[in-house]
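Input: a single structure, listed below in structure tokens.
We number each residue from 1, following the sequence as shown. Note that the structure is a prediction, hence the values are computed from the model and not measured.
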Amino acid sequence: MGRGDLSDEEWGRLEPHLSANRGRGGRWPCHRRVINGILFRQRTGLPWRDLPPCFGSWKTVHDRHRRWSEDGTWERILRAVQADADAEGRIDWSMVSVDSTTCRAHQHAAGASTRAPKIPSRRRSPARHRPDEALGRSRGGLTSKIHLAGEGGCRPLGFVVTPGQWGDAPQMIPVLEEIRVPRQAGGRPCTRPDHVGGDKAYSSRRNRRHPRRRQINTIPEPRDQWANRRRRGSQGGRPTGFDKTVYRRRNEVERTVNRLRNFGAVATRFDKRAYVFYGTVTVAAIRLWLRSGVKRLVQKSLTPG
């Protein structure tokens, strides 16, 4: 086993959720070697053609990643891995924070065809396809932005990929709607944490109204909004439900971002298509969920002491 490859324990968690080969000449031979090749590229960010020969043909590894990105296989695997973690009590629902990170786009990420891609034999575009390819231009050049929601164990529960110049506040609700952890016993998926936190960039009436209905809001109010609310008197609305003790845990989502950016193919975008880059981030999230071998005790009470 090479550095960065899946361990036997991690492979044991992942293998039950992979597509099985059926009949003669199975379509997906040697899952483990190909996935290790995908993870090697994720970690190093090298071109696909430069993959070491120990992972087989580079084109096989590349095509497997692209196909599983376009048909939603990576997303399905991520949900299944999260469901296993939730059944084992390894998801900390006591605090979920929202944050974003900007990824510089390599020159190879530009120049995608303007025609929408099609899934072979299905005559439809990938679910995560974006006409703008999630590429935006800023002072530093082409960039993409990852908006994510992280749980208390520093692992992503859901994320959205947008152009780099898009603001954080409009993406808060779409990110929270991406939190859908299936239940192994059946029923509606888990979507509601105990608290939702975010920095002042997410402070808006629309964002506060969404978690306030569930009584899970923990977003500080900027000074100008606070002064405007006080100036309007009773028409300014109620004070924000902000808990400083809970807000101290917002560093957990920042640590989640740092763990994602340890993958070279996430910190710098090399993929031309937005749905392929979304699959790249999904693979990195799957790896973070597989790595959590030590069970984390869920904090039942947020009161000090």
- Message: Between L14 and V61, is there shared hydrophobic-cluster membership here, with clusters defined by ILVMFWY side-chain heavy atoms closer than 4.5 Å?
- Response: yes
- Message: Taking the side chain as everything from C-beta on, heavy atoms only, tell me whether F277 gets closer than 4.5 Å to I146.
- Response: yes
- Message: Quick check: do R287 and V283 have side-chain heavy atoms less than 4.5 Å from each other?
- Response: no
- Is there a salt bridge (Lys or Arg N to Asp or Glu O under 4.0 Å) between D99 and R255 once you walk through the steps? CA-CA 10 Å; D99 204 351; R255 289 152 56 193; over 6 Å; no
- Query: Would a 4.5 Å heavy-atom cut-off, applied to side chains only, mark D5 and F55 as touching?
  - Reply: yes
- Is any NZ, NE, NH1 or NH2 atom of the basic residue among E75 and R128 found under 4.0 Å from an Asp or Glu carboxylate oxygen of the other? yes
- Query: If you group Ile, Leu, Val, Met, Phe, Trp and Tyr by side-chain heavy-atom gaps below 4.5 Å, do L78 and L18 land in one group?
  - Reply: yes
- Is any NZ, NE, NH1 or NH2 atom of the basic residue among R249 and D92 found under 4.0 Å from an Asp or Glu carboxylate oxygen of the other? yes
- Task: May I ask you to test the Q184-D84 pair for a side-chain heavy-atom distance under 4.5 Å?
- Result: yes
- Query: When you measure from the side chain of H147 to the backbone N and O of G158, does any donor-acceptor pair fall under 3.5 Å?
  - Reply: no
- Message: Walk me through whether W68 and H31 qualify under ring pair (Phe, Tyr, Trp, His ring centres under 6.0 Å).
- Response: CA-CA 12 Å; W68 285 9; H31 271 313; 5.5 Å; yes
- Query: Is the closest side-chain heavy-atom distance between D199 and R250 below 4.5 Å?
  - Reply: yes
- Are R79 and E178 close enough for a salt bridge, meaning some N to O gap below 4.0 Å? yes
- Query: Is any side-chain heavy atom of Q82 less than 4.5 Å from a side-chain heavy atom of W289?
  - Reply: yes
- Message: Any non-hydrogen side-chain atom of E133 less than 4.5 Å from a side-chain atom of R273?
- Response: yes
- For V281 against L260, the heavy-atom pair lying closest together: O-CD2, 4.5 Å
- Main-chain N/O of E252 paired with T256 side-chain donor or acceptor, under 3.5 Å: yes
- Message: Is the distance between the ring centroids of H65 and W48 under 6.0 Å?
- Response: yes
- Message: Side chains of M172 and V196, heavy atoms from C-beta outward: is any pair under 4.5 Å?
- Response: yes
- Do the side chain of R269 and the main chain of K272 share a donor and acceptor less than 3.5 angstrom apart? yes
- Between H17 and W11, does the ring centroid distance fall short of 6.0 Å? no
- Task: Apply ring-ring contact (aromatic ring centres under 6.0 Å, His included) to F159 and list each qualifying residue two or more places apart in sequence or on a separate chain.
- Result: Y278
- Query: Is there a donor-acceptor contact under 3.5 Å from the side chain of S144 to the main chain of C103?
  - Reply: no
- Output yes when a side-chain donor or acceptor of K145 lies under 3.5 Å from a complementary backbone atom of Q165, and no otherwise. no
Using a 3.5 Å cut-off and no angle test, enumerate the donor-acceptor pairs between side-chain atoms of residues 36-44 and protein atoms at least two apart in sequence or in another chain.
unit_1	atom_1	unit_2	atom_2	d
N36	OD1	L6	N	2.9
N36	ND2	R32	O	3.2
R41	NH2	D271	OD1	3.2
Q42	NE2	T280	O	2.7
R43	NH2	R3	O	3.1
T44	OG1	F40	O	2.8

- Looking only at heavy atoms, which two atoms of S97 and V253 are closest? And how far apart? O-CG2, 3.4 Å
- Are the aromatic rings of F270 and H106 close, with centres under 6.0 Å apart? yes
- Given side-chain hydrogen bond (donor to acceptor under 3.5 Å, both in side chains), test R137 with T143 step by step and report yes or no. CA-CA 6 Å; R137 188 171 294 277; T143 55; over 6 Å; no
